[in-house]
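Data first, discussion second: the structure below is written as structure tokens.
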Amino acid sequence: KAGVTQTPRYLIKTRGQQVTLSCSPISGHRSVSWYQQTPGQGLQFLFEYFSETQRNKGNFPGRFSGRQFSNSRSEMNVSTLELGDSALYLCASSSSGTGLNEQFFGPGTRLTVL
Amino acid sequence: GNSVTQMEGPVTLSEEAFLTINCTYTATGYPSLFWYVQYPGEGLQLLLKATKADDKGSNKGFEATYRKETTSFHLEKGSVQVSDSAVYFCALRTNTGNQFYFGTGTSLTVIP
């Protein structure tokens, strides 16, 4: 089985721009979660989608949004980028709707905001 | 609320030394506990897990025991190798949803 894939792997944007990141989960997985990883804050949970519905949401401003498509692929959008949004964005998928299974992580998208 | 606290790094050890990375948690209900490892330039990989009190997770020589009485899940390895150099994350998942809570990570460097 192919693993979780994320595109693009690297992005450079300037302040005020917006960006869209993509995540393709493992085939058959219906849950996709997004995390922001920074050296100072560690991994912070952004949101989780299951069957095209947002099921959980972390404490991030409304500039961060996401969606999930019928094939379980997910996108994350950040509008009006700020310098502090520079981070590694990780996507993770799992199979179970009940949350009983582990999460499998993608390699991440490294976003740099200048 | 739910949270995970793990020991600050970085940790530097000589090859074949004993490793302990402390992890304690706060959670409502009965969480599952995990250790993930992140090698340079890669995403996180599950190292081991435990789903109930007194369970011991083990993999690749690493072990951790779910201690409900001390709300801990310390990671141990008897003899580390250079290839174990990575960042280790302790995490919990509550039994009522699919949200994970991660510690801030502990960087381990093993020198020959």
Side-chain angles (χ1 to χ4, degrees), chain A residues 2-7 9-10 21 23-26 29-51 53-60 68 74 87-110, chain B residues 1-10 21 23-25 27-52 55 57-59 64 66 73 86-108:
Chain A
V4 178
T5 57
Q6 293 186 244
T7 56
R9 291 293 310 277
Y10 302 92
L21 313 182
C23 171
S24 293
I26 290 172
H29 285 192
R30 295 163 64 191
S31 169
V32 173
S33 297
W34 288 89
Y35 297 86
Q36 181 194 66
Q37 184 179 14
T38 57
Q41 301 292 322
L43 263 79
Q44 293 190 286
F45 173 74
L46 281 153
F47 28 66
E48 184 228 354
Y49 286 86
F50 180 78
S51 292
T53 301
Q54 187 180 85
R55 186 162 66 172
N56 289 301
K57 190 177 190 306
N59 296 323
F60 277 80
Q68 187 179 33
S74 177
L88 180 67
Y89 290 88
L90 293 168
C91 163
S93 75
S94 65
S95 60
S96 170
T98 62
L100 294 179
N101 292 340
E102 69 179 270
Q103 291 190 332
F104 294 82
F105 283 81
T109 294
R110 172 77 61 186
Chain B
N2 301 299
S3 66
V4 174
T5 303
Q6 60 183 105
M7 66 185 280
E8 300 256 342
I21 301 179
C23 171
T24 57
Y25 67 90
T28 52
Y30 303 95
S32 295
L33 301 174
F34 303 80
W35 277 101
Y36 279 84
V37 59
Q38 185 177 33
Y39 298 102
E42 299 182 13
L44 277 67
Q45 303 173 25
L46 178 68
L47 182 59
L48 52 84
K49 66 180 179 182
T51 57
K52 61 183 188 298
D55 268 3
S58 61
N59 186 25
Y66 188 144
F73 193 55
V87 180
Y88 293 82
F89 292 88
C90 184
L92 73 83
R93 184 192 60 221
T94 62
N95 62 346
T96 55
N98 202 32
Q99 184 168 342
F100 277 67
Y101 298 84
F102 284 84
T104 53
T106 301
S107 174
L108 169 67

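Naming: A, B, ... by sequence-line order, numbering from 1 per chain. In this text the structure is predicted, and so the values were computed from the model without any measurement.
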Under 4.5 Å from a heavy atom of chain B, the part of [X] involved:
{"X": "Arg9(A)", "answer": "side chain"}
{"X": "Leu43(A)", "answer": "both"}
{"X": "Gln37(A)", "answer": "side chain"}

**Q.** Part of Gln38(B) lying under 4.5 Å from any heavy atom of chain A
**A.**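 When you check distances to chain A, only side chain atoms of Gln38(B) fall under 4.5 Å.
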**Q.** Toward chain A, the part of Phe89(B) with a non-hydrogen atom under 4.5 Å
**A.**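 Contact with chain A is through the side chain of Phe89(B) alone.
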Q) Do Phe102(B) and Tyr35(A) have ring centroids that are under 6.0 Å from one another? A)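 Ring-ring flag for Tyr35(A)/Phe102(B): true, centres closer than 6.0 Å.
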Over 12 non-hydrogen atoms of neighbours within 6.0 angstrom of [atom1] in [X]:
{"X": "Lys57(A)", "atom1": "NZ", "result": "yes"}
{"X": "Glu8(B)", "atom1": "CD", "result": "no"}
{"X": "Tyr39(B)", "atom1": "OH", "result": "yes"}

(Q) Distance check, rounded to the nearest 0.5 Å: Phe45(A) atom CZ versus Tyr101(B) atom OH? (A)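 Separation between the atoms: 8.0 Å.
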Q) So how far is it from Leu46(B) CG to Phe104(A) CZ, rounded to the nearest 0.5 Å? A)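 Taking CG in Leu46(B) and CZ in Phe104(A), the distance rounds to 7.5 Å.
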Q) Between Gln103(A) and Tyr36(B), is a side-chain contact (heavy atoms from CB on, under 4.5 Å) present by the stated rule, with each step listed? A) CA-CA 10 Å; Gln103(A) 291 190 332; Tyr36(B) 279 84; 3.8 Å; yes
